[in-house]
Amino acid sequence: MIKIAPSFLSADFRTLENQVRLVEEAGAEYIHLDIMDGHFVPNITFGALVVEAIRKTTDLVLDVHLMISEPGKYLKDFADAGTDILTVHVEVEEDVPALLDRIRKANMKAGATLRPGTGIEALFPLLPRLDLALIMSVEPGFGGQSFMPASLGRARALKAEIVRQELDVEIEIDGGIGVENAHQVVEAGVQVLVAGSAVFRDGAIAKNVQAIREAAGRIDE
Ligand code: DX5
Ligand code: ZN
């Protein structure tokens with residue numbers, strides 16, 4: 001089954017609890033939370049405190065995407081906040097395999113991701129340590145950007161490698177996802193669709209989630 005992960009970067013932060021309720025009612029599986037530090041990416045968003053507040057309002061899977069330079073330093077904070085899946089970038093100047101092992105030891109699922117310009121092969125040796133592999137289909141840092149079509153080939157290559165290694169790693173995609181490309185990315189092997197602007201557009205969350213799911217689901221069986 002395809003999973004939809006609304007990115008709260010596009011949510012209305014005046015009424016966070018209400019946004020969580022609407023996302024639950026829309027039938028989304030994950031809540032995708034983008035953590036940016038103004039250093040790894042130019043933008044700053046929010047930290048573990050906000051993740052913890054959201055945790056108190058929902059049992060949905062909290063899928064936390066760290067776009068920060070020193071993930072190791074904050075790993076425990078995100079575990080304590082109630083994170084279910086913690087995803088780090090392979091470009092950070094830290095020992096990524098060790099980070100992934102620490103994430104699992106802290107009872108979270110481990111995810112890894114990479115910028116669109118980083119070769120997809122960077123994920124291959126990490127796969128045995130991963131529960132989730134995230135393909136960035138835009139340059140990380142901002143919502144509302146256009147989907148990069150080269151991501152489809154990257155998804156296919158990743159899928160083939162997961163099959164080759166006989167592993168069970170979920171493939172997620174993030175950036176510019178909507179009804180126009182949901183079908184293509186699923187066909188390329190993606191199981192989790194992150195969508196920010198396409199979900200929160202006009203506040204019609206349930207309608208938007210359903211439209212994305214239907215577009216994806218044309219081959220979802
Ligand atoms: C970008 C973030 C995304 C972003 C996606 O750096 O990782 O999660 O919110 O937004 P849309 O779906 O609008 O491209
Ligand atoms: Zn993200």
Side-chain angles (χ1 to χ4, degrees), residues 2-13 16 19-20 23 26 28-48 50-51 54 60-69 71 74 78 83-92 109-118 123 131-152 154-155 170-186 190-205 207-209 211-213 215-216:
I2 297 307
K3 296 175 184 169
I4 310 284
S7 166
F8 269 54
L9 200 55
S10 298
D12 184 345
F13 274 69
L16 220 36
Q19 300 283 281
V20 171
V23 159
E29 284 82 5
Y30 292 0
I31 288 181
H32 185 83
L33 299 169
D34 290 298
I35 314 297
M36 306 185 190
D37 65 354
H39 185 256
F40 184 79
V41 289
N43 206 3
I44 297 179
T45 55
F46 51 85
V50 172
V51 176
I54 293 175
L60 281 187
V61 171
L62 298 187
D63 168 31
V64 174
H65 176 193
L66 295 184
M67 285 160 274
I68 66 177
S69 297
Y74 301 96
F78 286 99
T83 298
D84 295 296
I85 307 172
L86 194 65
T87 297
V88 296
H89 270 264
V90 301
E91 297 90 357
V92 295
K109 289 189 171 174
T113 186
L114 65 199
R115 299 180 185 277
T118 303
L123 285 178
D131 300 291
L132 178 130
L134 169 61
I135 295 177
M136 286 308 299
S137 39
V138 298
E139 200 56 58
F142 300 92
Q145 305 178 73
S146 300
F147 176 75
M148 298 169 75
S151 314
L152 294 171
R154 288 161 68 77
E170 208 164 50
I171 302 181
E172 182 179 61
I173 197 159
D174 181 8
I177 299 298
V179 287
E180 339 65 63
N181 49 32
H183 175 80
Q184 286 175 297
V185 297
V186 169
V190 172
Q191 293 136 290
V192 187
L193 308 181
V194 176
S197 34
V199 163
F200 291 94
R201 186 168 298 139
D202 305 324
I205 298 172
K207 186 170 147 269
N208 294 337
V209 167
I212 296 168
R213 200 185 292 285

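Residue numbers count from 1 along this sequence. Side chains are part of it too, since the values below use all heavy atoms of this structure and drop only hydrogens, waters and symmetry mates. Order of listing sets the numbers, starting from 1, for every ligand and every atom in it.
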Run the numbers for me: atoms of ligand 1, each under 4.0 Å from some heavy atom of [X], listed by number.
X	value
P140	6 (O)
G175	14 (O)
H32	8 (O)
S7	4 (C), 8 (O), 9 (O)
A195	12 (O)
G143	10 (O), 13 (O)
D174	2 (C), 3 (C), 4 (C), 5 (C), 7 (O), 8 (O)
M36	6 (O)

State the [atom1]-[atom2] distance between [X] and [Y], to the nearest 0.5 angstrom.
X	Y	atom1	atom2	value
Q19	I54	CD	CD1	10.0 Å
L33	I31	CG	CD1	6.5 Å
F78	L66	CZ	CG	5.0 Å
F46	L9	CZ	CG	7.0 Å
D37	M67	CG	CE	9.5 Å
T113	L134	OG1	CG	3.5 Å

Atoms named by residue and atom, protein N, O or S, within reach of the Zn ion (ligand 2) (under 2.8 Å):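 Listed by chain and number, the atoms are H32 NE2, D34 OD1, H65 ND1, D174 OD2.
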Between [X] and ligand 1, does any nitrogen or oxygen pair lie at a separation below 3.5 Å?
X	result
V194	no
G196	yes
G144	yes
G141	yes

[Y] versus [X], side-chain donor and acceptor atoms under 3.5 Å:
X	Y	value
H39	S69	yes
D174	S7	no
H65	D63	no

Over 12 foreign heavy atoms within 6.0 Å of CZ, F142: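 Buried by this count: over 12 neighbours within 6.0 Å.
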Derivation and outcome, side-chain contact (heavy atoms from CB on, under 4.5 Å), residues V185 and L152: CA-CA 6 Å; V185 297; L152 294 171; 3.7 Å; yes
For [atom], what's the nearest protein heavy atom and its distance?
atom	value
atom 2 (C) of ligand 1	D34 OD1, 3.4 Å
atom 14 (O) of ligand 1	G176 N, 2.8 Å
atom 1 (C) of ligand 1	F142 O, 3.5 Å

Close aromatic pair by centroid cut-off 6.0 Å: F13 and F8: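 Not close enough - the centres of the two rings lie 6.0 Å or further apart.
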Within reach of ligand 1, part of S197 (heavy-atom separation under 4.0 Å):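 Within the 4.0 Å criterion, S197 contacts ligand 1 through backbone and side-chain atoms alike.
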Over all atoms of both residues, closest heavy-atom pair of M36 and T45: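 Taking every non-hydrogen atom into account, N-OG1, 2.9 Å.
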side-chain contact (heavy atoms from CB on, under 4.5 Å) between E172 and V194, intermediate numbers included: CA-CA 7 Å; E172 182 179 61; V194 176; 3.5 Å; yes
